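Computed from a predicted model, the values in this text were never measured in an experiment.
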Amino acid sequence: MASAEKLSKLSVTRPSWIPPKDQTELHRHEKEFKKMIERTSKEALKQSRQQIKLQHERTIGNARLNYLSEKNSLTSANCNEVRKYILITEVSRSTKFKLFRKMVSYKLGEGVLLSPPYQKQASSDDSFDENLEKLDIHTLLESVPLKPTHDEMSSLQTILQPLTRPTSLKDVDVSKLPKIPALPIQTLLPRFARIALTLLRSGYSTPQVRDIIYWLHAAIFTVKFKETFAKLLSKQYVLKLFKEFKDDYSILSVPTGLDLILDLDDFYVTKCIESLIVFWALGGGRGVRVFVAIVICVIREYHFGWNNLQVIFHSKAHVYLGDGEESQEKFFGRALSYYTLIK
């Protein structure tokens with residue numbers, strides 16, 4: 001039996017065999033608990049308001065992007081709208097592809113070819129002649145854990161063949177091709193194969209992926225892109241972001257940067273490629289800047305390489321960023337914050 005004095009000091013959360021808590025300590029704990037509850041409530045309210053705001057922006061963005069995708073051409077203001085909403089909207093892949101095609105046309109000019117000129121023109125199913133020598137897709141995708149299906153293999157042949165088939169200049173209007181030389185295909189082909197497979201699995205059709213890969217090769221990852229990438233890495237504000245890394249970061253290049261991005265989950269890879277197309281189409285080196293920003297974000301925020309870039313690039317560990325919407329927003333929010341630092 002407990003005394004009346006002890007019973008008066010007991011609480012429902014404190015067992016009877018434990019001595020009563022000192023009243024001063026009790027009041028202090030109660031204040032701390034109340035503050036904790038208040039902070040939690042405020043944070044929950046803040047998150048709720050942010051979610052409502054995001055949903056409102058998403059609704060507006062969905063409507064605007066659907067509208068812009070039906071326009072014959074896009075203006076500079078329209079392209080900036082696409083950049084504003086591309087990461088938060090939930091429009092269909094076909095709508096996104098229409099927008100990307102219009103933005104590439106805006107960047108390169110109306111007369112430039114937006115599909116590979118070396119494809120088999122008389123085909124109804126966008127496939128290639130069976131007699132053509134096929135690419136060794138298995139070798140190109142040897143690092144991919146989930147191997148492609150038979151249908152995916154067929155699609156990848158259709159997508160990648162235009163990049164490797166020799167083109168006769170007499171059959172192509174050279175004035176309709178991008179003016180800046182592309183980077184050598186030998187180094188980028190395995191990366192393009194992985195990007196193509198990811199885009200196929202994210203819901204893009206074979207002809208759509210074929211054109212996207214063609215844009216990446218012929219117009220985006222060019223000699224100028226490589227030169228700008230190297231210049232950005234030598235800038236003082238970029239050097240500061242790598243000051244914790246003691247290793248020589250000359251290992252960073254366009255191909256190794258792609259490797260870092262391709263190590264992410266399919267959702268993130270798709271969003272990164274979509275963002276790259278949109279930012280590149282706006283001109284002013286924005287495509288290179290967002291590419292560098294994403295690479296910096298992965299290295300600094302998510303890869304545990306013990307401050308050694310050699311370890312990071314040779315690590316077999318897969319970068320996991322999280323599946324939830326909050327994790328996705330956090331990653332791209334951080335990447336865009338680095339983008340604003342790179343000028």
Side-chain angles (χ1 to χ4, degrees), residues 61 64-66 68-69 71 73-110 112-116 159-160 162-163 177-178 180 182-183 188 191-222 224-226 228-229 254 257-258 260-262 264 266-295 297 331-332 335-336 339:
R64 288 298 299 166
L65 294 192
N66 281 313
L68 292 175
S69 69
K71 291 188 66 175
S73 61
L74 299 182
T75 64
S76 175
N78 294 154
C79 291
N80 275 297
E81 270 196 278
V82 178
R83 178 196 59 78
K84 178 181 178 181
Y85 293 122
I86 194 63
L87 287 173
I88 64 171
T89 51
E90 298 173 337
V91 294
S92 66
R93 299 298 187 212
S94 61
T95 297
K96 285 185 177 182
F97 179 76
K98 288 180 184 178
L99 290 167
F100 298 155
R101 192 175 181 86
K102 295 178 195 301
M103 291 192 74
V104 172
S105 179
Y106 167 82
K107 169 69 173 176
L108 298 178
E110 293 292 339
V112 175
L113 289 172
L114 299 181
S115 295
I159 293 163
L160 299 174
L163 305 184
L177 296 176
I180 303 174
L183 293 176
L188 292 178
R191 281 92 176 178
F192 287 154
R194 292 170 63 188
I195 292 171
L197 181 60
T198 301
L199 294 177
L200 285 171
R201 289 174 173 174
S202 72
Y204 285 100
S205 69
T206 300
Q208 290 170 350
V209 178
R210 178 201 60 204
D211 288 357
I212 290 173
I213 296 299
Y214 171 65
W215 303 335
L216 293 175
H217 170 58
I220 298 179
F221 291 122
T222 61
K224 183 178 180 181
F225 189 100
K226 178 183 177 182
T228 307
F229 180 86
V254 173
L258 277 173
L260 277 177
I261 293 173
L262 287 167
L264 307 177
D266 286 358
F267 170 86
Y268 292 94
V269 174
T270 301
K271 285 285 189 182
C272 287
I273 296 302
E274 291 173 348
S275 299
L276 176 61
I277 294 172
V278 170
F279 278 76
W280 165 83
L282 288 169
R286 291 179 178 85
V288 186
R289 283 171 55 197
V290 80
F291 182 77
V292 172
I294 292 171
V295 169
C297 185
F331 172 77
F332 287 106
L336 291 177
Y339 172 83

Shortest non-hydrogen contact from [X] toward [Y]:
| X | Y | result |
| --- | --- | --- |
| T89 | G61 | CG2-C, 3.4 Å |
| A335 | I294 | CB-CG1, 4.2 Å |
| S275 | V290 | O-CG1, 4.4 Å |
| A219 | L108 | CB-CD1, 3.9 Å |

For residues [X] and [Y], determine if any side-chain heavy atom of one lies less than 4.5 Å from a side-chain heavy atom of the other.
| X | Y | result |
| --- | --- | --- |
| S92 | F97 | no |
| S202 | D266 | no |
| L65 | S69 | no |
| L199 | I159 | no |
| L188 | L163 | no |

Those residues that, when tested against [X], pass ring-ring contact (aromatic ring centres under 6.0 Å, His included) (two or more places apart):
| X | answer |
| --- | --- |
| Y106 | none |
| Y85 | none |
| F225 | F221, F291 |

Rounded distance (nearest 0.5 Å) linking atom [atom1] of [X] with atom [atom2] of [Y]:
| X | Y | atom1 | atom2 | result |
| --- | --- | --- | --- | --- |
| C297 | I261 | SG | CD1 | 10.5 Å |
| R210 | L160 | CZ | CG | 12.0 Å |
| L258 | I273 | CG | CD1 | 6.5 Å |
| L74 | N80 | CG | CG | 11.0 Å |
| K84 | R64 | NZ | CZ | 10.0 Å |
| F331 | L336 | CZ | CG | 9.5 Å |

Would you tabulate the side-chain donor-acceptor contacts of residues 276-283 under 3.5 Å, counting partners in other chains and residues two or more places apart, or write 'none'?
none

- Task: Measure the acute angle between the ring planes of F332 and Y268, then classify it against the limits of 30° and 60° as parallel, tilted or perpendicular.
- Result: parallel
- Under 3.5 Å, is there a donor-acceptor pair between the N78 and T75 side chains? yes
- Query: Do any pairs count as a salt bridge (charged side-chain N to carboxylate O under 4.0 Å, His left out) and have a residue in residues 91-104, sequence neighbours left out, and if so which ones?
  - Reply: E70-K98, R93-E274, K96-E274, R101-D211
- Note on the structure: Across all chains, not counting sequence neighbours, the side-chain contact (heavy atoms from CB on, under 4.5 Å) partners of S105 are E110, L114
